[in-house]
Amino acid sequence: MIKPLRKAVLPVAGLGTRFLPATKAMAKEMLPVVDKPLIQYAVEEARAAGIEQFCFVTGRGKTAIVEHFDIAFELEAVLRERGKMAELRALRDSQLPPGAVVTVRQQEPLGLGHAIWCARAFVGDDPFAILLPDDLVLSETPCTLQLANAYYQTGGCVVAVTEVPHAQTNRYGILDIGADDGKLVEVRGLVEKPKPEDAPSDLSIIGRYVLRPEVMTYLSRMERGAGNEVQLTDAMAKLIGQVPFHGLRYEGKRFDCGDKIGFLEAQIAFALKRADMGPAVRTFLQGYCKELFGAQG
Ligand code: G1P
């Protein structure tokens, strides 16, 4: 029997040094893309895939993330009084039901694998999704829902994958691939951040996973990998052969919001997609590009 997927772990303990000074006193996951913080995109995506329970792996200075999903009584009262119903709806949309959020602390930055291991009591014996909020995916079908569907089809682990330029394999977890139907790829091996000359393929993992709980057994060994960190990729690699393991070439476009350029691209892409502001942004971009680069630009 394939267990239902109801849990998600969201690691949010990172320091966000790439976005200083914006992140000096603010969690990087609270940076907005248009008008919604990154973390809310991840939570909404997970909910669209049937996730009901969330575990935020936090660290110092991250309390705003938990606050964000709470009920803001005072704010609601003021908005109601002033008849600002659209704003009130936006607030309500960012609430999670009572008991849907737990947090655990990752006291030391020992790597993504260590962060996930911190959620072991929450995960228990259940399958779980992982969403890295830095990775934002613009798609017709939410990326985690695509993974969940593949999980229900295979019953094993599924990771979202995409082709990256060969020179960039050292930034990602890379797949060694077996059977490949163009969408679902059998995973034969996984390597974290290999040099291009050592990379078994150009197919990289993005920050979306559905994993079986057995991965915790391997994480608990605390073996250090690339960058001397406890790597999730290494623990996942140990599951290959024990449980079905696939990569899913998801439909959609991924933005690396942990990077300034990626973050800016996401702002533009998400704004263009919005019915309320897309046309205005498009007019601005067209006019501005013409002004800067001329008619051919
Ligand atoms: C992490 C994972 C890596 C994955 C990447 C996706 O790396 O370790 O396997 O490809 O996320 O964003 P990080 O970006 O934390 O260095």
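Whatever order the structure lists them in is the order used to number ligands and atoms, beginning at 1. For the numbers below, each heavy atom of this structure counts, side chains included, while hydrogens, waters and symmetry mates do not.
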Salt bridge or not between D93 and K36? Use side-chain N to carboxylate O under 4.0 Å.
no
Considering only NZ, NE, NH1 and NH2 on the basic side and carboxylate oxygens on the acidic side, decide whether R208 and D135 come within less than 4.0 Å.
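Result for this pair is no, no salt bridge flagged.
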Minimum distance, heavy atoms only, to atom 10 (O) of ligand 1: which one of V164, T233, L232, I205 is it?
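Selected option, by shortest heavy-atom distance: I205.
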Check: [X] N/O within less than 3.5 Å of ligand 1 N/O:
X    : answer
G173 : yes
R171 : no
Y172 : no

At their closest point, which heavy atom of [X] faces which heavy atom of [Y], and how far apart are they?
X    : Y    : result
E45  : P142 : CG-CB, 3.9 Å
C118 : V104 : O-CG2, 3.5 Å
R274 : F270 : CG-O, 3.1 Å

Looking at [atom], what's its closest protein heavy atom, distance included?
atom                    : answer
atom 12 (O) of ligand 1 : D135 OD2, 2.8 Å
atom 2 (C) of ligand 1  : E192 OE2, 3.6 Å
atom 15 (O) of ligand 1 : K193 NZ, 4.6 Å
atom 11 (O) of ligand 1 : L132 CD1, 3.5 Å

Counting distance only, does the side-chain N/O of T169 pair as donor-acceptor with the main-chain N or O of P194 below 3.5 Å?
yes
Between E265 and F255 (side chain of the first, backbone of the second, donor and acceptor by atom type, cut-off under 3.5 Å), is there such a pair?
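Looks like no, no N/O pair under 3.5 Å.
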Tell me, please: is E229 in heavy-atom contact with ligand 1, that is, under 4.0 Å?
no
Non-hydrogen atom of G207 closer than 4.0 Å to ligand 1
yes
Can you name the atoms of ligand 1, numbered from 1 with element, that are less than 4.0 Å from a heavy atom of R254?
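Checking each atom against R254, I get 12 (O).
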Taking side chain as C-beta onward, heavy atoms only, is Q231 less than 4.5 Å from E223?
no
Would a 4.0 Å cut-off, counted as strictly less than, catch a protein heavy atom around atom 7 (O) of ligand 1?
yes
